Q: 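To start, I am sharing the structure in question, which I have written as structure tokens.
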Amino acid sequence: MKLLIDDANVTWIKKLLKYYPIDGVTTNPTILSRTGRPPYEALKEIRSLLGDERELHIQVLSSDAEGMVKEAKKIISEIPGNTFIKIPCVPEGFAAMQLLKEEGIHTTGTTVFTPMQALLAAKSGASYVAPYVNRIDLLGFDGVLVAKQIHQILTVYGYPCRVLAASFKNTQQMQELALAGIASITSPPDLIEEYVNNPVIYTSIQSFEDNFARVYGEGLDMTKFD
Ligand code: G3P
């Protein structure tokens, strides 16, 4: 499963890249605005941190297909590499996805709330579809179930389109999708840290160190022995 960071804060991105096997970064207009930086300045720094291979997903703001395509080309020219253009899954968006597919520009269908919306994006040539798990939960439905249903539909028909699940509020939502074989998730930075934020991990490690030190001496590790 690919694990992406759903944030544009470079301090967070640097920290997470240092420790974790991160596959990329997703942004949206809200996430970019939170940086308070000029959009391309922030995105260029993120691209340079990620290198050319990791994925960077950047969303358009236009409401018509022609404008979306224009924005997509501008984004790709400014931020080359493994960059995906996030296109909202609305009628103009599906038209834009089909046009961008012809141009060889990779798209991610975003703001997905239903399986049939995702199916339209897949048929329009999107590389990914992004169901908003927690926002679906907030509507009183089951976001994890919707993401699983989308995964099933894409798999059954063999579309070359994968789920990139987004909008999470806890690690349980992500774990359920990992169990279901979802291709990718994008997580808020603090939730990635939650994967290993459990005192029992650290007390276990401490007990190994204490037991070893009691017998062999303080401050020693396996390089100190023949
Ligand atoms: O990538 C989409 C995602 O950022 C939406 O998440 O937390 O605003 O529902 P959220």
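Whatever order the structure lists ligands and atoms in, that order sets their numbers, starting from 1. Worth saying up front: this structure is predicted, and the values here are computed from it rather than measured.
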Q: Check whether any side-chain heavy atom of Y195 sits under 4.5 Å from a side-chain heavy atom of L3, and report yes or no.
A: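 Sidechains of L3 and Y195: in contact.
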Q: Less than 4.0 Å is my threshold; does some heavy atom of H57 fall inside it relative to ligand 1?
A: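 It does not; every heavy atom stays at 4.0 Å or beyond.
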Q: Just jot down the ligand 1 atoms closer than 4.0 angstrom to any heavy atom of Y132, in number order.
A: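 By the 4.0 Å cutoff, the relevant atoms are 2 (C).
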Q: Hey, is ligand 1 close enough to K169 that some N/O pair sits below 3.5 Å?
A: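 Such a contact does occur with ligand 1.
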Q: Using side-chain heavy atoms (C-beta onward) and a distance below 4.5 Å, is Y132 in contact with T110?
A: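 Yes; the side chains approach each other to less than 4.5 Å.
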Q: Which residue supplies the protein heavy atom nearest to atom 3 (C) of ligand 1, what is that atom called, and how far is it?
A: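 Of every protein heavy atom, D6 OD2, 3.1 Å lies nearest to atom 3 (C) of ligand 1.
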Q: Could you tell me whether E78 and K74 make a salt bridge, using a distance below 4.0 angstrom between a side-chain N and a carboxylate O?
A: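 Salt bridge between E78 and K74, a charged N being under 4.0 Å from a carboxylate O: yes.
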Q: Quick one: which of L154, I153, T155 gives a side-chain contact (heavy atoms from CB on, under 4.5 Å) with H151?
A: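 With H151 as partner, L154, I153, T155 yield a single side-chain contact (heavy atoms from CB on, under 4.5 Å), made by T155.
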Q: What residue among I5, T186, I58, L4 forms side-chain contact (heavy atoms from CB on, under 4.5 Å) with V25?
A: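 Exactly one pass, corresponding to I5.
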Q: Show me which atoms of ligand 1 lie under 4.0 Å from any heavy atom of I31.
A: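 Checking each atom against I31, I get 4 (O).
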Q: Using distance alone, with no hydrogens and no angle criterion, decide if S62 and E71 have a side-chain donor and acceptor under 3.5 Å apart.
A: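 Checked: S62/E71 side chains pair up, N/O donor to acceptor below 3.5 Å.
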Q: Can you tell which part of T30 has a heavy atom less than 4.0 Å from ligand 1: side chain, backbone, both or neither?
A: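 No part of T30 comes within reach of ligand 1.
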Q: When you look at CE of M116, are more than 12 heavy atoms from neighbouring residues, nucleotides or ligands closer to it than 6.0 Å?
A: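 Counting neighbours around CE of M116, 12 or fewer heavy atoms of other residues, nucleotides or ligands fall under 6.0 Å, so no.
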Q: Return yes when N134 approaches ligand 1 closer than 4.0 angstrom through a heavy atom, no otherwise.
A: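 No heavy atom of N134 comes that close to ligand 1.
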Q: Do any nitrogen or oxygen atoms of R135 lie less than 3.5 angstrom from nitrogen or oxygen atoms of ligand 1?
A: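 Min N/O separation from ligand 1 is below 3.5 Å for R135.
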Q: Where on Q59 is there a heavy atom closer than 4.0 Å to ligand 1, on the side chain, on the backbone, on both, or on neither?
A: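 Under 4.0 Å from ligand 1, Q59 contributes no heavy atoms.
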Q: For E194, is the CD atom crowded, meaning more than 12 foreign heavy atoms sit under 6.0 Å from it?
A: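 More than 12 within 6.0 Å, yes.
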Q: Report the part of F168 in contact with ligand 1, treating N, CA, C, O as backbone and CB onward as side chain, heavy atoms under 4.0 Å; options are side chain, backbone, both, neither.
A: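 For F168, there is no contact with ligand 1 at all, from either part.
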Q: Counting from 1, what ligand 1 atoms have a heavy atom of K86 closer than 4.0 Å?
A: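 Within the 4.0 Å cut-off of K86, ligand 1 contributes 1 (O).
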Q: I need the atoms of ligand 1 closer than 4.0 Å to a non-hydrogen atom of A166, numbered in the order shown.
A: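 Numbered from 1, ligand 1 contributes 1 (O), 2 (C).
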Q: Would you mind reporting whether L99 and E103 have side-chain heavy atoms less than 4.5 Å apart?
A: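 They are not in contact (no side-chain heavy atoms under 4.5 Å apart), so the answer is no.
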Q: Polar contacts were defined as any N/O atom of the residue lying under 3.5 Å from an N/O atom of the ligand; does this apply to S167 and ligand 1?
A: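 In this structure, S167 places an N or O atom under 3.5 Å from an N or O of ligand 1.
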